[in-house]
Number of protein chains: 2
Amino acid sequence: MDPGAELGRELSTAVVMFHEAVGAHLGVTAGDQRALGVLARHGAMSAGALAKEVGLTPGAVTGMVDRLTRAGLVRRDVDPADRRRVLLTVADGAGASAEIFGSLATEMTAMISRYTTEEREVIADYLTRTVEILRDQTRRISARQR
Amino acid sequence: MDPGAELGRELSTAVVMFHEAVGAHLGVTAGDQRALGVLARHGAMSAGALAKEVGLTPGAVTGMVDRLTRAGLVRRDVDPADRRRVLLTVADGAGASAEIFGSLATEMTAMISRYTTEEREVIADYLTRTVEILRDQTRRISARQR
DNA sequence: CGTTTTACTTCACCATACTAAACTATCCAG
DNA sequence: CTGGATAGTTTAGTATGGTGAAGTAAAACG
């Protein structure tokens with residue numbers, strides 16, 4: 001097998017396994033983590049908006065947010081402007097998640113700092129293109145669905 | 001946020017979402033895909049050995065292999081040397097999975113071919129180190145588990 | 001050979017996360 | 001105000017993937 005492809009697959013496996021371990025450790029599901037990602041990108045949003053975004057019913061989101069808040073990953077506040085609504089924000093707190101991701105970030109930063117500026121540019125370029133391809137392929141697969 | 005970290009998170013999300021889409025498309029779970037990864041790395045192995053490797057009971061592996069064979073990802077053969085045993089191998093066949101991963105591989109190969117040899121070495125080095133860190137961190141988290 | 005062990009499958013049961021729908025609280029329109 | 005719409009939670013039911021143990025077939029042992 002092409003050594004590049006092999007590396008890519010290993011990275012992919014490593015990423016997925018890391019995510020699984022984090023999920024198991026914090027007591028959140030893969031879907032919960034996806035919702036967290038949506039929330040991180042989008043910023044504060046209501047429970048209903050999140051439900052629409054992740055394609056689940058409001059009821060499911062209640063359970064999801066329960067788990068995420070229990071894990072200390074998300075804050076759930078009543079919207080002062082409309083007290084029926086629940087505003088969700090990614091908790092910037094300490095806690096288990098900060099410990100986990102902080103440690104990863106430290107390692108990654110240290111590793112990256114050993115490259116020259118030019119090398120870092122190459123790496124960033126590669127990552128950007130890879131993300132693009134992955135998103136593209138994900139769309140393609142999802143479109144083929146049934 | 002550090003642009004490098006941001007890119008890393010995006011890649012991670014893209015990888016996970018790609019995996020989820022593949023799983024949904026082929027009708028296999030995340031666990032199934034992990035087992036497939038084990039099988040790919042290890043080569044042919046018996047159902048019992050796979051069960052031990054992924055930490056599930058033999059009964060669960062039966063169902064898992066059912067799904068994987070149904071998706072055309074794995075072959076299930078009786079071991080001619082010991083006919084109680086079931087030999088599992090990654091199916092190198094055509095089918096939906098080949099179409100999916102083939103397309104991804106084509107895109108990635110084309111993208112990588114645009115870099116010089118030196119650049120490719122930098123990228124490979126980066127990927128290798130990243131995988132190492134991820135595996136390390138995964139171990140760390142799993143160890144912390146109660 | 002007959003008994004015991006081994007390898008996988010099958011079965012009954014359990015946990016979990018989902019949906020649909022009833023319920024509660026709040027907002028808005030007349 | 002009052003009636004209806006909206007936001008989220010709660011609840012009853014469903015699907016799925018897991019465990020543990022019984023069942024089936026093949027190998028190994030004495």
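The sequence lines fix the lettering, A, B, ..., with proteins before strands; numbering per chain opens at 1.
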Please identify each residue that fulfils salt bridge (charged side-chain N to carboxylate O under 4.0 Å, His left out) with [X], with sequence neighbours left out.
{"X": "Arg129(A)", "result": "Asp125(A)"}
{"X": "Glu20(B)", "result": "none"}
{"X": "Glu119(A)", "result": "none"}
{"X": "Arg120(B)", "result": "none"}

Val74(B) and Thr89(B), any side-chain heavy atoms less than 4.5 Å apart: no

Counterpart residues, side chain to side chain donor-acceptor pair (under 3.5 Å), relative to Thr62(B) (two or more places apart): none

Strand-adjacent residues in residues 76-87 of chain B, judged by heavy atoms under 4.0 Å from DNA chain D: Asp82(B), Arg83(B), Arg84(B)

Contact list for DNA chain D against residues 56-70 of chain B - heavy-atom distance below 4.0 Å: Leu56(B), Thr57(B), Ala60(B), Arg67(B)

My understanding is that only residues two or more places apart in sequence, or in another chain, count here; which of them pass side-chain contact (heavy atoms from CB on, under 4.5 Å) with [X]?
{"X": "Ala71(B)", "answer": "Leu26(B), Val28(B), Leu73(B)"}
{"X": "Val15(B)", "answer": "Ser12(A), Val15(A), Val16(A), Leu134(A), Leu11(B), His19(B)"}
{"X": "Ala40(B)", "answer": "Arg9(A), Val90(B)"}

Got a list of side-chain donor-acceptor pairs under 3.5 Å for residues 44-55 of chain B, not counting sequence neighbours?
{"from": "Ser46(B)", "atom 1": "OG", "to": "Ala49(B)", "atom 2": "N", "distance (Å)": "3.1"}

Near-strand residues of residues 29-47 of chain B, defined as heavy-atom separation under 4.0 angstrom from DNA chain C: Ser46(B), Ala47(B)

